[in-house]
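Worksheet: the structure to be examined is printed underneath.
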Amino acid sequence: MKKILPLNHGLRGTIKIPGDKSISHRSVILSSLATTPVEIENFLSGADCLSTVECMKSLGAKIVRTGENILVTGNGLHGLREPENVLDAGNSGTTLRLLMGLCAPQKFLTTFTGDNSLRRRPMARVIKPLTMTGAKIFGRNDNQSLPITILPAEKNLRGIFYKMPVASAQVKSAILLSGLFAETPTTVIEPSPSRDHTEKMLTAFGARIEHRGNAIRIFPAENLTAPERIFVAGDISSAAYWIVLASLLDDSDVTIESVGVNETRTGIIDVLQQMGASIELINQRTSSGEKLADVHVVSSKLYGVEFGGEMIPRLIDEIPALAVAAAFATGTTIIRDVAELRVKETDRLAAIVDEFNKISPETFTATDDSLIIKGGREKFFAECQTRADHRMAMSLAIFGAAAQGVSIDDETCVDISYPNFFEELN
Ligand code: S3P
């Protein structure tokens, strides 16, 4: 249980946020497929990325801490070893789906499991395309959920042409990773662009990838050539809490340093700017193939907006934080095309409606695939449940801090993506 008091002053100063969760996962996975050691700087030591580290160790990579960094030494693209035990992805959909793509073409058996939340999440979306390559993958019951077993591939798998029904970077990445081992090139087409960290990092490791519109084609590879060092950009999904809070509180002036501003991730900044937020990207630069900037935010008055479609994959993880911003805005905000929120760490549409309305009654309503927020209603102190979802916990915390305070049942779930969130908030 944790109680967050209302903040009666603005946020001022400079914040450094932890490394990007998506990039951290990919940095360990690809480094484990090289033959030369890779030092990863600003790696996110959150529980999700540590699940990936443990799985890659079980697949034969050597991964050690070197002070603040981690050092990964792999056995080459075709040098993965059969794990001696079940691979546990914990709470992490990214670990599970990317590693299913990596393990599907291997000549050994792999079984995956995960925590209560991950065991309920849909995996058919990744089993289906991987099965088209010839891989033999079996999940539990009709949903093909965890535990999932991948049988040893008897021969090299086929390259596929796959049109994805939903924009999902995890599914896209699973298909691309499996494509590295196929007989022929693999093409995946997204309905709208999702985060492209896998493509960027595969290119940095020398894989051949071509883009045409929303189609991405990957060619089979003999080996990967690793950079000596990868710098992981700060996580814009973690920065989002401070961007929203600084916008809402009077007298705020905050700079968040070294934030990843890859265009497939900056929807949160675009939408907040449309709402009237004062956000500026300064000191823009590129590191390890990803764009970085310092994000400068000052207090502002916000107005409701309406958006959906291609914007959604660019801010999917920031919708709970954005919903907090919308609750303080003048007018109504309508967020369309967000059915995917129902299959995140928890059903986030239901969680937002049930828990956020405790703080600001009659503010949040949802349909099957949209969220409507009537801004400007009265806010109260409330006791809320995080549903073991890290992003719900942090969004509730900033909601309470900007309103009349909040108490949350479980603060430890922030470990997944932002272990020192509450120290930073203090
Ligand atoms: C992620 C992709 C997104 C996102 C998740 C991380 C990734 O999920 O919500 O937190 O690292 O590829 P989907 O692929 O399900 O859209």
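Both counts, for ligands and for their atoms, begin at 1 and track the order of listing.
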Once you restrict both partners to nitrogen or oxygen, which atoms of ligand 1 have a protein partner under 3.5 Å, and how far apart are they?
{"unit_1": "ligand 1", "atom_1": "8 (O)", "unit_2": "Lys344", "atom_2": "NZ", "d": "3.1"}
{"unit_1": "ligand 1", "atom_1": "9 (O)", "unit_2": "Asp317", "atom_2": "OD1", "d": "2.7"}
{"unit_1": "ligand 1", "atom_1": "9 (O)", "unit_2": "Asp317", "atom_2": "OD2", "d": "3.3"}
{"unit_1": "ligand 1", "atom_1": "9 (O)", "unit_2": "Lys344", "atom_2": "NZ", "d": "2.7"}
{"unit_1": "ligand 1", "atom_1": "10 (O)", "unit_2": "Asp317", "atom_2": "OD1", "d": "3.4"}
{"unit_1": "ligand 1", "atom_1": "10 (O)", "unit_2": "Asp317", "atom_2": "OD2", "d": "2.7"}
{"unit_1": "ligand 1", "atom_1": "11 (O)", "unit_2": "Ser22", "atom_2": "OG", "d": "2.7"}
{"unit_1": "ligand 1", "atom_1": "11 (O)", "unit_2": "Arg26", "atom_2": "NH1", "d": "2.9"}
{"unit_1": "ligand 1", "atom_1": "11 (O)", "unit_2": "Thr94", "atom_2": "OG1", "d": "3.4"}
{"unit_1": "ligand 1", "atom_1": "12 (O)", "unit_2": "Arg26", "atom_2": "NH2", "d": "2.6"}
{"unit_1": "ligand 1", "atom_1": "14 (O)", "unit_2": "Ser168", "atom_2": "OG", "d": "2.7"}
{"unit_1": "ligand 1", "atom_1": "14 (O)", "unit_2": "Ala169", "atom_2": "N", "d": "3.0"}
{"unit_1": "ligand 1", "atom_1": "14 (O)", "unit_2": "Gln170", "atom_2": "N", "d": "2.8"}
{"unit_1": "ligand 1", "atom_1": "15 (O)", "unit_2": "Lys344", "atom_2": "NZ", "d": "3.3"}

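A heavy-atom distance below 4.5 Å is not found between the side chains of Ile408 and Glu355. Between Thr186 and Leu176, the closest side-chain pair of non-hydrogen atoms is not below 4.5 Å.
A side-chain donor-acceptor contact under 3.5 Å links Asn357 to the backbone of Phe364.
Each of Asp354, Asp410, Asp347 was checked for a salt bridge (Lys or Arg N to Asp or Glu O under 4.0 Å) with Arg387, and the lone residue meeting it is Asp354.
Not counting sequence neighbours, the partners of Cys55 by the side-chain contact (heavy atoms from CB on, under 4.5 Å) test are Leu87, Thr95, Leu99.
A parallel orientation is assigned to the rings of Trp242 and Phe421, their planes being inclined by less than 30° (bins at 30° and 60°).
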